[in-house]
Amino acid sequence: MAMAGAEWKSLEECLEKHLPLPDLQEVKRVLYGKELRKLDLPREAFEAASREDFELQGYAFEAAEEQLRRPRIVRVGLVQNRTPLPADAPVAEQVSALHRRIKAIIEVAAMCGVNIICFQEAWTMPFAFCTREKLPWTEFAESAEDGPTTRFCQKLAKNHDMVVVSPILERDSEHGDVLWNTAVVISNSGAVLGKTRKNHIPRVGDFNESTYYMEGNLGHPVFQTQFGRIAVNICYGRHHPLNWLMYSINGAEIIFNPSATIGALSESLWPIEARNAAIANHCFTCAINRVGTEHFPNEFTSGDGKKAHQDFGYFYGSSYVAAPDGSRTPGLSRSQDGLLVAKLNLNLCQQVNDVWNFKMTGRYEMYARELAEAVKPNYRPTIVKE
Ligand SMILES: NC(=O)NCCC(=O)O
């Protein structure tokens, strides 16, 4: 089936162009849930975004007023971007160009009052894991604790009083130089709060990531920040409902999902999965995808008998935020770098929990018991036969 590239800007633009207003309102109600207010972001922020050639959108999720709790307001920023230099440019130049790009975007995020910002998966590099080649791609790996990218993000975090979630390719020199797909969480004080690793590694299509790193070994940590409790479910983890669940069980109020995924594989799943996780877990979710087509110097095959090629396919952007009540922002564009700012009231998590009670009705003990049996080698599925 044909798949649109950059020329098809977004589902939202298409609906707005073609639907008469009354139909558009109903379609939006069904597809996006409760209508969100557009955020009144500063004019200078829009000017800077336009000068730097990226899209800026802002939305507010409201919650009911409560008598005993004050609103718990936090602004999150989601960043999606192309790789500015070609994949065959020198490694250090590619990393510097990405640092410069993110610095320009985070400055606009600061103007918009963003408290927590998250970048896309493996943001300091092209998503080269399709190639199965080691060099030069493993050279992009850095220490999560004190690598150049973490030091760069620490400065940004401190300067802008912003929590920074920085997904990188990690080299852990304390443990045999092993590589991981990691997100570093940097506090707004500038200190490294901790790190979390991708728990589920894809073995689908050209996503040959298992050539480079193993499934994460850090479980489901949740980070207490000044602005709320956050977790990071990296890319392919979004297909695993139990992965979302465990972050939620550990108390996450916002779960970021930095991703790298292509239209031919996942575009129809994209609007559903993170949004469903927000609903099922009474939390906010933030789905982020990179943009564009990245060309690699050498051809590789997909093991499907088709011709060798030099790119992964089209990364379709479309980053969005979903709320526990099922409402969601429109997506950023499929074709342009962008910053999505969302103002959240974290009180909404408990309010929706009290209405729908998924935590109360969850039957976790029964699942835990049954799963503990199901993973045993001698397990026989419970099938009742005549
Ligand atoms: N980066 C990554 O895990 N991609 C896998 C494909 C997908 O999850 O859509």
Side-chain angles (χ1 to χ4, degrees), residues 1 3-5 11 78-83 87 98 118-133 137-138 140-141 165-170 179-184 195-218 220 231-245 247 255-278 285-294 296 300 302-304 309 311-320 322 331-332 334:
M1 197 171 65
M3 208 273 310
L11 175 66
L78 283 58
V79 180
Q80 66 173 40
N81 57 280
R82 290 170 183 268
T83 44
L98 277 156
C118 182
F119 311 136
Q120 64 200 19
E121 180 183 20
W123 74 269
T124 60
M125 63 182 293
F127 211 71
F129 309 120
C130 48
T131 65
R132 300 193 299 275
E133 299 160 348
W137 317 119
T138 54
F140 285 90
V165 179
S166 169
I168 58 165
L169 182 63
E170 177 195 1
L179 303 188
W180 300 96
N181 185 318
T182 297
V184 187
K195 66 184 175 188
T196 178
R197 288 176 174 151
K198 182 171 182 171
N199 282 329
H200 300 276
I201 308 299
R203 288 159 178 80
V204 56
D206 286 334
F207 289 87
N208 297 315
E209 295 167 58
S210 58
T211 304
Y212 300 85
Y213 38 79
M214 296 292 288
E215 281 73 11
N217 57 355
L218 299 179
H220 297 85
V232 195
N233 179 5
I234 302 176
C235 195
Y236 187 73
R238 79 180 177 285
H239 312 299
H240 293 268
L242 293 183
N243 210 44
W244 296 102
L245 173 72
Y247 295 116
I255 308 179
F256 292 94
N257 175 231
S259 300
T261 188
I262 51 164
L265 182 69
S266 66
E267 197 161 0
S268 60
L269 315 184
W270 182 253
I272 301 170
E273 291 174 302
R275 186 178 181 200
N276 182 54
T285 58
C286 304
I288 302 169
N289 187 23
R290 65 174 59 205
V291 186
T293 306
E294 297 170 0
F296 295 98
F300 51 89
S302 303
D304 59 0
H309 43 277
D311 69 82
F312 226 128
Y314 189 68
F315 294 105
Y316 54 84
S318 309
S319 305
Y320 71 96
L332 286 176
R334 297 175 77 258

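When a ligand or atom number is given, it counts from 1 through the structure's own listing order. Because only heavy atoms are used, hydrogens play no part in the values below, and waters and symmetry mates are left out as well, while side chains stay in. Along the sequence shown, residues are numbered consecutively beginning with 1.
- Closest protein heavy atom to atom 5 (C) of ligand 1: F207 CD2, 3.5 Å.
- In this structure, the side chain of Y247 engages the main chain of V232 through a donor-acceptor pair within 3.5 Å.
- For ligand 1, the atoms lying closer than 4.0 Å to a non-hydrogen atom of F127 are 1 (N).
- Looking from atom 9 (O) of ligand 1 to the surrounding protein, the closest heavy atom is T261 OG1, 2.5 Å.
- Annotation: atom 3 (O) of ligand 1 to nearest protein heavy atom, K198 NZ, 2.7 Å.
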Derivation and outcome, side-chain contact (heavy atoms from CB on, under 4.5 Å), residues N257 and T285: CA-CA 7 Å; N257 175 231; T285 58; over 6 Å; no
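- Between A260 and ligand 1, at least one N/O pair is under 3.5 Å apart.
- Of the residues listed (L98, V291, I288), the one engaging N81 in a side-chain contact (heavy atoms from CB on, under 4.5 Å) is L98, and it is the only one.
- Summary of contacts: the protein heavy atom closest to atom 2 (C) of ligand 1 is C235 SG, 2.9 Å.
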side-chain contact (heavy atoms from CB on, under 4.5 Å) evaluation trace for F207 with L265: CA-CA 10 Å; F207 289 87; L265 182 69; 3.5 Å; yes
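- Under the 30°/60° scheme for interplanar angles, the aromatic rings of Y236 and H239 are found to stand perpendicular.
- F312 has its ring centre no less than 6.0 Å from the ring centre of F296.
- Within the listing of ligand 1, atoms 9 (O) sit less than 4.0 angstrom from a heavy atom of S266.
- The closest protein non-hydrogen atom to atom 6 (C) of ligand 1 is L265 CD2, 3.6 Å.
- Summary of contacts: the protein heavy atom closest to atom 8 (O) of ligand 1 is H239 NE2, 2.6 Å.
- Looking only at protein heavy atoms, the nearest one to atom 1 (N) of ligand 1 is E121 OE1, 2.8 Å.
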Criterion side-chain hydrogen bond (donor to acceptor under 3.5 Å, both in side chains) on T261 and N289, from CA distance to verdict: CA-CA 7 Å; T261 188; N289 187 23; 5.7 Å; no
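- For ligand 1, the atoms closer than 4.0 angstrom to any heavy atom of P202 are 2 (C), 3 (O), 5 (C).
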